[in-house]
Amino acid sequence: MEKIEKIRREHCPSCGSTALENILQFVPGKNITVYVRCLKCKAFTARYILERYLSDKTYESYLANLKHIRLSGKKIKEELEFLSTEVKEEFERITKVLDAKEVKDKKIEDLIIEND
Amino acid sequence: MNKKKVISIFIGVAAAIAVYFIPMGDIPPLAKKCLSIFVLAAIFWITEAIPLYVTSFVILLLEALLLSTPEIPYKTFVFPFFSPVIILFMGGYILSTALHKYKIDIILAKNILNTFGKKPAWITFGLMAVTAFLSMWMSNTATTAMMITVSLPIIYSLDKDDNFRKLIILSIPVAANLGGMATPIGTPPNAIALETLRNLPGVGAISFLGWMKFGLLVSLILLFIAWIVLLLFFRPKLNSYSFDVKIENKLNNQSKFVIAIALVTILLWLTSFKHKIPDAITALLPLIIFLAFGILNAKDFRSIGWDVLMLLGGGLSLGVAMTKSGLDTWLISKISFEALPDFAALGIISTITIVLSTFMSNTATTNLLMPIVTKIPTIAPLAAAIATALAASCAMVLPISTPPNAIAYGSNELKVKDMVKVGLVIGIIALLVLILFLKFFIKYFV
């Protein structure tokens, strides 16, 4: 079955800018909260509460999130391999899809402007 | 689901059906049905075709459908899922979760590490001592993850070609695996041994302190040997290193409360011979207090190792099924141990355990072997149970052998051959120590 997915760039609800910054809040015993702020107009854009945080330092992020007891070495090895390869591959794929979508949308926009 | 898993499931089911239908001589009908469940469980646990704990539920389902009779109601197979040892382990996980949530583990580790000086041998000793101590009370996985996190800044400050990097990263999983031997809640195989022995006529229950008397001693001996082996394999470049482990967190009132309850619980476990409160009942103390007073919340409770508890439950349930169906007696009658001296038989049991645990989960290995080895007529059940439980913790040859090994390997600081040479040497020495201890000294400890 084909995957139904939506990929979009986050916009500021006030000014529509896509220039945003993530502010991370760490509270012991709680999940990491990310507040998203517009860099242009400083408006609140979104808040995410993360089940799992993964930075470019994959291994360190994995260790920091390893609260649960794991049953087998095989499982941990699989998880680490997934994080170090598949997450990066998936990141590259969705950014490609997003860029392609935006190029396509841009062309439609240009056509509308030309027709006007 | 990938192709490999589908094939594994198919093989497991096909083998179980074959055992069920192929004539096998003098095997009692119920034992034959139980053997087919055992074969299915073994294949599923070895291949991890489905999650390990789900196999436990498959076992329960098949036991209820195939083995229950008016004399053996299905509830017989359900009870082990909430046996005293499961409650004991649940209490252990609650303690572990609270210690981790309030960062007591990391504060303790950092404070102790700073006292071990600048010599690489002593820094490694400190790392191993702290890791082993924490893994006696917390899960080996959580301890390893925390200790490697603490050690990474030290590792990254060293030259790329300095063997001290490997020494540090390998000493942690080795210490976590060996430290888990020391207490009944250190690692699930210990719990399986305790529960199996509790249900054996003429053996009886071993208390928390009773286990620690020999578990701690064997663990300390092996930790010392492992320290020497690691130092021989990985000689650091320099004689002295200077770094401070930064302590960012401090104990607050909640942390102090957690420590107080943890100490009371441990004290009660160690003195059960005096007050006679069963260890499983004492384990309810941190559970009730931490959850009632908001130290832990429902989310924390949901996140304790339920999968491990269910895997334990499945193994214990399979053990009960093997006894009730007569499969254990039939299997033992087919294996000839009479000609072997008891230490040779202990050696065989321990070797089989180590070899199997190298490739599959320690808990699953112990689940499969414990009901059989404790029935071998020529070996005392106590020695057989201890040999199996402790040998399971000595399997650390491959990255997949234990979760701590996999975590250490994930750092990319090690090659598989580094782990293999250390794991093999420690495994062989551990095997000899275990056999000698069980043959000559166990009588002084139990």
Side-chain angles (χ1 to χ4, degrees), chain A residues 1-5 21-36 46-94, chain B residues 45 47-48 51-53 93 96-98 100-103 138-142 144-149 152 173 188 249 252 254-255 295-297 299-300 303-311 358-364 395-396 398-407 409-413:
Chain A
M1 203 168 73
E2 205 184 321
K3 220 175 2 178
I4 301 164
E5 65 172 5
E21 67 175 338
N22 291 335
I23 303 160
L24 276 67
Q25 184 191 29
F26 300 88
V27 179
K30 290 194 173 167
N31 287 347
I32 296 169
T33 307
V34 182
Y35 288 91
V36 185
R47 185 183 82 158
Y48 316 124
I49 297 173
L50 304 182
E51 189 62 42
R52 188 163 205 175
Y53 173 77
L54 189 73
S55 73
D56 64 327
K57 289 177 180 168
T58 316
Y59 183 62
E60 285 86 335
S61 307
Y62 181 76
L63 291 185
N65 283 286
L66 201 61
K67 294 179 220 161
H68 304 287
I69 293 106
R70 296 294 198 279
L71 279 169
S72 77
K74 265 184 214 165
K75 191 87 196 147
I76 288 185
K77 201 166 163 278
E78 275 171 19
E79 283 177 353
L80 270 166
E81 279 164 3
F82 169 77
L83 290 177
S84 56
T85 56
E86 289 189 44
V87 170
K88 277 178 190 152
E89 282 170 17
E90 186 67 359
F91 173 73
E92 277 162 24
R93 186 188 71 80
I94 67 146
Chain B
W45 274 335
T47 60
E48 292 186 33
L52 293 169
Y53 63 95
Y93 283 156
S96 172
T97 306
H100 190 67
K101 180 173 178 176
Y102 292 94
K103 304 207 179 292
M138 295 172 58
S139 96
N140 297 351
T141 313
T144 305
M146 188 276 294
M147 287 303 292
I148 289 184
T149 306
L152 281 177
N249 308 97
N252 58 20
Q254 281 175 313
S255 322
I295 296 290
L296 296 178
N297 54 34
K299 198 177 150 208
D300 298 320
S303 75
I304 68 169
W306 289 107
D307 48 355
V308 182
L309 296 179
M310 291 304 103
L311 174 60
T358 299
F359 300 100
M360 60 187 276
S361 148
N362 293 355
T363 312
M396 48 186 114
L398 298 173
I400 58 155
S401 297
T402 69
N405 280 27
I407 295 171
Y409 181 71
S411 67
N412 288 328
E413 295 290 333

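All figures in this text were calculated on a predicted structure; none of them were measured in a lab.
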Is it the backbone or the side chain of B/Thr402 that comes under 4.5 Å from a heavy atom of chain A, or both, or neither?
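Backbone only.
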
Measuring heavy-atom distances to chain A, does B/Leu152 have an atom under 4.5 Å in its side chain, in its backbone, in both, or in neither?
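Answer is side chain: those atoms of B/Leu152 sit under 4.5 Å from chain A.
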
Looking at B/Ile148, B/Asn405, B/Leu296, which one has more heavy-atom pairs under 4.5 Å with chain A than the rest?
B/Ile148

Over all heavy atoms of both residues, which pair between B/Pro404 and B/Thr144 is shortest? Give the atoms and the distance, please.
CB-OG1, 3.3 Å

Salt bridge check, A/Glu5 against A/Arg93: does any charged N sit closer than 4.0 Å to a carboxylate O?
yes

If you round to the nearest 0.5 Å, how far is OH of A/Tyr59 from CG of B/Asn412?
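The OH atom of A/Tyr59 is 8.5 Å from CG of B/Asn412, to the nearest 0.5 Å.
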
Could you tell me whether the side chain of B/Tyr102 and the main chain of B/Ile295 form a donor-acceptor pair under 3.5 Å?
yes

